[in-house]
Amino acid sequence: MVHMECWLSPLFLGELEPSLRFRFEGVAEPVLDTLLDTALREGREAWPGIDVDAARFVQHLAGVVEDGDSAPADALAALHASDLYLTRACMDGDALALRTIDRDFISKLAPVLRSTGLDAATADDVIQKVRELVLVGTEGVPGIANYRGRGQLRSWLRAVALRNAMMEFRGQRARPVATDDEDLAQLAVSDDAQLAPWKHQYASAFRSAFAQTIASLDDHQRTLLRQHHLDKLTVDDLARLNQVHRATAARWVASAREKLLAGIRKLMMNELAISGGELDSALRLARSQLDVSLHRLFAAKRKR
């Protein structure tokens with residue numbers, strides 16, 4: 001005999017808006033108990049190893065069910081319970097749920113995006129943007145909280161990706177493009193007043209070193225710098241997005257920044273044949289402007 005959680009109905013009713021509560025109070029309690037218990041079991045069976053507290057899941061269902069033309073019981077039964085279960089786990093920061101969403105859903109959006117005409121690099125950029133929107137969001141609320149279980153989660157994510165692809169197409173038509181990495185590096189330093197004492201002397205070497213060093217970073221390092229400096233993701237955001245401890249995320253960002261500066265320093269010393277001390281004096285000024293420079297550089301790259 002299957003054990004049924006009979007306390008779920010009062011909890012569900014207590015979380016509903018008044019108008020919805022009035023309608024659902026007309027559903028026989030055994031029927032409502034069965035619907036809620038079935039939804040919970042569907043979630044647990046679909047995603048073994050992902051544990052969502054029963055009370056939190058039922059509260060989540062109460063928050064997404066809507067007052068429509070359907071009978072209340074039918075509206076509840078029509079929700080995609082297993083996808084809502086996974087969604088709730090992601091909102092709660094469950095590491096396995098976050099990996100599952102990324103691996104089984106978001107990472108598989110590339111064919112859909114490529115079918116719209118996006119090239120591989122731009123499709124990857126859109127996927128990364130979707131990843132940030134869905135798993136990190138803004139002000140501590142991940143975008144996946146907007147999924148309400150009407151259709152499949154996979155279809156909802158597809159729609160999010162296609163909306164972002166359309167924005168990318170519109171942006172490409174509306175914005176001027178930079179032609180190459182040296183042009184992008186010029187954007188990085190052209191308006192930095194603090195670099196004025198030396199930028200005319202070192203500008204060409206700096207542009208070249210900046211572009212070469214950015215290109216030499218691996219994809220993970222470039223992505224981290226773009227997310228941190230352009231997308232304004234905090235270390236905590238990056239830790240959540242990559243499912244690592246915040247200290248690890250902070251170390252990654254610091255390492256990428258230091259590799260960028262070290263690469264610029266090495267290339268400029270080789271090209272200009274100047275002492276490390278003389279160059280370090282200039283780079284101390286550059287370091288204070290690095291956030292601004294990175295923002296301009298990655299913003300320009302996004303426009304391409």
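In this chain, numbering begins with 1 at the start of the sequence shown.
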Check: Hey, does the side chain of Arg154 reach the backbone of Gln152 with a donor-acceptor pair shorter than 3.5 angstrom?
Finding: no
Notebook entry, point to check: What about Val253 and Val244, same hydrophobic cluster or not, with Ile/Leu/Val/Met/Phe/Trp/Tyr joined at side-chain heavy-atom distances under 4.5 Å?
Noted result: yes
Notebook entry, point to check: Nearest 0.5 Å, what's the CG-CG distance between Leu133 and Leu157?
Noted result: 11.0 Å
Next item on the list: Measure the spacing between CG of Leu13 and CZ of Phe24 and express it to the nearest 0.5 Å.
Entry: 8.5 Å
Checklist line | Arg148 atom CZ, over 12 foreign heavy atoms within 6.0 Å | finding: yes
Next item on the list: Side-chain contact test, heavy atoms from C-beta onward, threshold under 4.5 Å: evaluate it for Arg131 versus Asp102 and give yes or no.
Entry: yes
Margin query: Minimum heavy-atom separation for Leu113 and Ala161, please, with both atom names.
Written below: CD2-O, 3.6 Å
Note to self: If you compare all heavy atoms of Leu61 against all heavy atoms of Phe12, which two are closest, and at what distance to 0.1 Å?
What the structure shows: C-CE1, 3.9 Å
Item checked: Derivation of the side-chain contact (heavy atoms from CB on, under 4.5 Å) call for Thr87 and His60 -> CA-CA 9 Å; Thr87 297; His60 189 63; 4.2 Å; yes
Next item on the list: Return the minimal non-hydrogen interatomic distance between Ala54 and Leu40, and the atom names on each side.
Entry: CB-CD2, 3.7 Å
Notebook entry, point to check: Can we say Asp219 and Arg222 salt-bridge, meaning some charged N sits less than 4.0 Å from an Asp/Glu carboxylate O?
Noted result: yes
Next item on the list: Look at the side-chain heavy atoms of Ile, Leu, Val, Met, Phe, Trp and Tyr, link any pair under 4.5 Å apart, and say whether Leu76 and Leu20 land in one connected group.
Entry: yes
Margin query: Determine whether Val64 and Tyr147 satisfy the following criterion, side-chain contact (heavy atoms from CB on, under 4.5 Å), listing intermediate values before the conclusion.
Written below: CA-CA 8 Å; Val64 300; Tyr147 171 68; over 6 Å; no
Check: Please walk me through it: do Ile106 and Ile101 pass side-chain contact (heavy atoms from CB on, under 4.5 Å)?
Finding: CA-CA 6 Å; Ile106 298 175; Ile101 285 282; 3.7 Å; yes
Check: Ser107 versus Ile127: any side-chain heavy-atom pair under 4.5 Å?
Finding: no
Next item on the list: Report yes or no: does Asp218 contribute a side-chain atom to a donor-acceptor pair with the main-chain N or O of His220 at less than 3.5 Å?
Entry: yes
Note to self: If I take atom CZ from residue Arg88 and atom CD1 from residue Ile50, how far apart are they, to the nearest 0.5 angstrom?
What the structure shows: 13.5 Å
Item checked: Glu17 CD: over 12 foreign heavy atoms closer than 6.0 Å -> no
Note to self: Could you report the tightest heavy-atom contact between Pro142 and Leu135, atom names first, then the distance?
What the structure shows: CB-O, 3.7 Å
Item checked: Interatomic spacing from OG in Ser255 to CG in Leu260 - rounded to 0.5 Å -> 11.0 Å
Next item on the list: Please check if the side chain of Arg21 supplies one atom and the backbone of Leu16 the other of a donor-acceptor pair under 3.5 Å.
Entry: yes
Margin query: Closer than 3.5 angstrom, by distance alone: can the side chain of Ser216 be matched with the main-chain N or O of Thr213 as a donor-acceptor pair?
Written below: yes
Notebook entry, point to check: Okay, side chain of Arg246, backbone of Ala239: is any donor-acceptor separation there less than 3.5 Å?
Noted result: no
Margin query: We want to know whether Arg56 and Gln59 form a side-chain donor-acceptor pair, criterion being a heavy-atom distance below 3.5 angstrom.
Written below: no
Margin query: Is the shortest side-chain heavy-atom distance between His80 and Leu84 below 4.5 Å?
Written below: no
Check: What's the shortest heavy-atom distance between Trp156 and Ile144, and which atoms?
Finding: CH2-CA, 3.9 Å
Next item on the list: Going by the side-chain contact (heavy atoms from CB on, under 4.5 Å) test, name the single residue among Asp33, Leu32, Val31 that passes it with Glu29.
Entry: Asp33
Notebook entry, point to check: Using 4.0 Å as the upper bound for N to carboxylate O, is an ion pair formed by Lys129 and Asp125?
Noted result: no
Item checked: Rounded distance [0.5 Å steps], CZ in Arg257 versus CG in Leu217 -> 12.5 Å
Next item on the list: First locate atom CG of Asp124, then atom CG of Leu109, and finally report the distance between them rounded to the nearest 0.5 Å.
Entry: 11.0 Å
Notebook entry, point to check: Taking Tyr85 for the side chain and Glu42 for the main chain, is one N or O donor matched with an acceptor at less than 3.5 Å?
Noted result: no
Next item on the list: Output yes when a side-chain donor or acceptor of Thr34 lies under 3.5 Å from a complementary backbone atom of Pro30, and no otherwise.
Entry: yes
Note to self: Checking Phe105 against Leu153 for the side-chain contact (heavy atoms from CB on, under 4.5 Å) test, could you report, in this order, the C-alpha distance in whole Å, the side-chain angles of both residues, the deciding distance, and whether it holds?
What the structure shows: CA-CA 8 Å; Phe105 293 83; Leu153 178 59; 4.3 Å; yes
Margin query: Using every non-hydrogen atom in the two residues, find where Pro72 and Val27 come nearest and quote the distance to one decimal.
Written below: CB-CG2, 3.9 Å
Item checked: Check: Ser82 main-chain N/O paired with Trp47 side-chain donor or acceptor under 3.5 Å -> yes
